[in-house]
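This report refers to the structure that appears directly beneath it.
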Amino acid sequence: MPFTLDQVVPWGRSLDEYRRLFGLSEQDLAGSILGVGDGPASFNAEMTAQGRRVLSVDPLYAFSAAEIGRRIDETYDRVVDQLWPILDSYVWRDFADPHALGRHRLATMQRFLADYEVGRSQGRYVAGSLPTLDFADNQFDLALCSHLLFLYSEQLSYEFHLAAVKEMCRVAREARIFPLLDLAVQPSRHLAPLRAELTGQGYQVTIAPVDYEFQRGGNRMMVVSKQRSNT
Ligand SMILES: C[S@@+](CC[C@H](N)C(=O)[O-])C[C@H]1O[C@@H](n2cnc3c(N)ncnc32)[C@H](O)[C@@H]1O
């Protein structure tokens with residue numbers, strides 16, 4: 001099915017949020033990183049400004065900055081408004097309320113938009129979609145996927161999740177996925193079977209706590225690598 005802009009509600013996170021939600025160390029940040037489904041996050045822009053190496057892949061990057069900017073304007077109020085009735089599902093520690101969150105997200109997405117056309121011409125923003133990535137085996141040290149897998153568990157099948165994680169592990173030495181909760185702020189129904197199947201196929205799978213919690217209870221990531229576990 002072709003990917004259309006009206007399917008997307010752009011909502012992007014910052015480098016500081018990526019750093020916390022993926023538990024990124026200085027050593028992690030110094031490596032070559034693939035951001036899968038980075039969308040309008042400012043992770044790539046901020047990392048590049050620091051002289052670091054990130055390539056972002058997302059079907060959204062088939063569109064221009066003007067088109068993505070228009071879509072942000074069209075959807076912004078709706079995204080902020082829908083949070084008020086479900087405030088208790090979230091931890092309001094980093095952001096006082098949905099308005100403060102929205103202002104932060106907007107600044108983040110503006111940072112992305114300011115970098116986007118230059119980054120696209122430099123090959124830092126590449127149009128592409130899981131579960132098939134057009135990169136070489138082990139091209140990256142780390143593949144990160146924030147707020148796509150597990151979050152959209154109702155929309156994306158178990159088979160999609162399995163193929164997507166294995167593809168991330170093909171192109172990178174290690175894959176990290178956050179969050180492990182779905183849009184209803186419940187543990188993803190794909191998590192336990194996926195963990196078991198990947199482990200059975202020889203992947204090393206760890207569920208690790210992280211220093212980030214916005215969805216209540218959503219403070220863990222999945223780390224997957226190809227090495228066989230010794231335990
Ligand atoms: C909720 S946004 C998360 C953006 C960013 N990762 C963040 O955390 O701020 C989900 C992103 O996944 C992208 N996406 C949707 N389907 C995808 C697929 N099959 N492969 C890669 N990215 C996809 C969307 O275009 C969107 O940018």
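Everything numeric here is computed off the predicted structure, so don't read it as measured data. Both counts, for ligands and for their atoms, begin at 1 and track the order of listing.
Contact atoms of ligand 1 toward W11: 4 (C), 9 (O) (distance under 4.0 Å to a heavy atom of the residue). Ligand-side atoms of ligand 1 in range of Y152: 1 (C), range being under 4.0 angstrom from any heavy atom. Each of the atoms 9 (O) of ligand 1 lies under 4.0 Å from some heavy atom of A41. Close contacts of ligand 1 with G39, meaning ligand atoms under 4.0 Å from a residue heavy atom, involve 27 (O). Near G37, meaning under 4.0 Å from one of its heavy atoms, ligand 1 places the atoms 3 (C), 4 (C), 5 (C), 6 (N), 11 (C), 12 (O), 22 (N). Applying the 4.0 Å criterion to heavy atoms of G12 picks out, from ligand 1, the atoms 9 (O).
If you check which protein heavy atom lies closest to atom 26 (C) of ligand 1, you get D58 OD2, 3.5 Å. For atom 18 (C) of ligand 1, the closest non-hydrogen atom on the protein side is L130 N, 3.7 Å. Of all protein heavy atoms, the one closest to atom 5 (C) of ligand 1 is D38 O, 3.2 Å. In terms of protein heavy-atom proximity, atom 1 (C) of ligand 1 is nearest to H147 O, 3.3 Å. Summary of contacts: the protein heavy atom closest to atom 7 (C) of ligand 1 is R13 NH1, 3.2 Å.
When every heavy atom of Y90 is checked against every heavy atom of L83, the shortest pair comes out as CE1-CD2, 3.8 Å. The heavy-atom pair separating R13 from S146 by the smallest distance is CD-OG, 4.1 Å.
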Checklist entry - side chain to side chain contact (heavy atoms under 4.5 Å, CB included) between W84 and H99: does it pass, once the steps are laid out? => result CA-CA 10 Å; W84 290 102; H99 287 312; 3.5 Å; yes
Item to check | Verdict with reasoning, H190 to F150, per ring pair (Phe, Tyr, Trp, His ring centres under 6.0 Å) | outcome: CA-CA 7 Å; H190 300 320; F150 296 129; 7.4 Å; no
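For F160, every heavy-atom contact with ligand 1 shorter than 4.0 Å involves the side chain, none the backbone. Residue-level proximity to ligand 1 for L148 is carried by the side chain, the only part with a heavy atom below 4.0 angstrom.
One finds a salt bridge joining D16 and R20 here, because a Lys/Arg side-chain nitrogen approaches an Asp/Glu carboxylate oxygen to under 4.0 Å.
Taking each of S146, S129, P59 in turn, the one with a heavy atom nearest to atom 22 (N) of ligand 1 proves to be P59.
Considering backbone and side-chain N/O atoms, L151 never comes within less than 3.5 Å of an N/O atom of ligand 1.
If you look at Y61 and Y116, their ring centroids are closer than 6.0 Å.
Each of R53, R173, R176 was compared with D28 under the salt bridge (charged side-chain N to carboxylate O under 4.0 Å, His left out) criterion, and only R176 meets it.
Considering NE2 of H104 and CG of D94, their distance stands at 8.0 Å, rounded to 0.5 Å.
For F43, the heavy-atom gap to ligand 1 stays at 4.0 angstrom or more.
Between F43 and Y18, the two ring planes are parallel [angle under 30°; tilted spans 30° to 60°].
Around CG of D137, the count of heavy atoms belonging to other residues, nucleotides or ligands within 6.0 Å exceeds 12.
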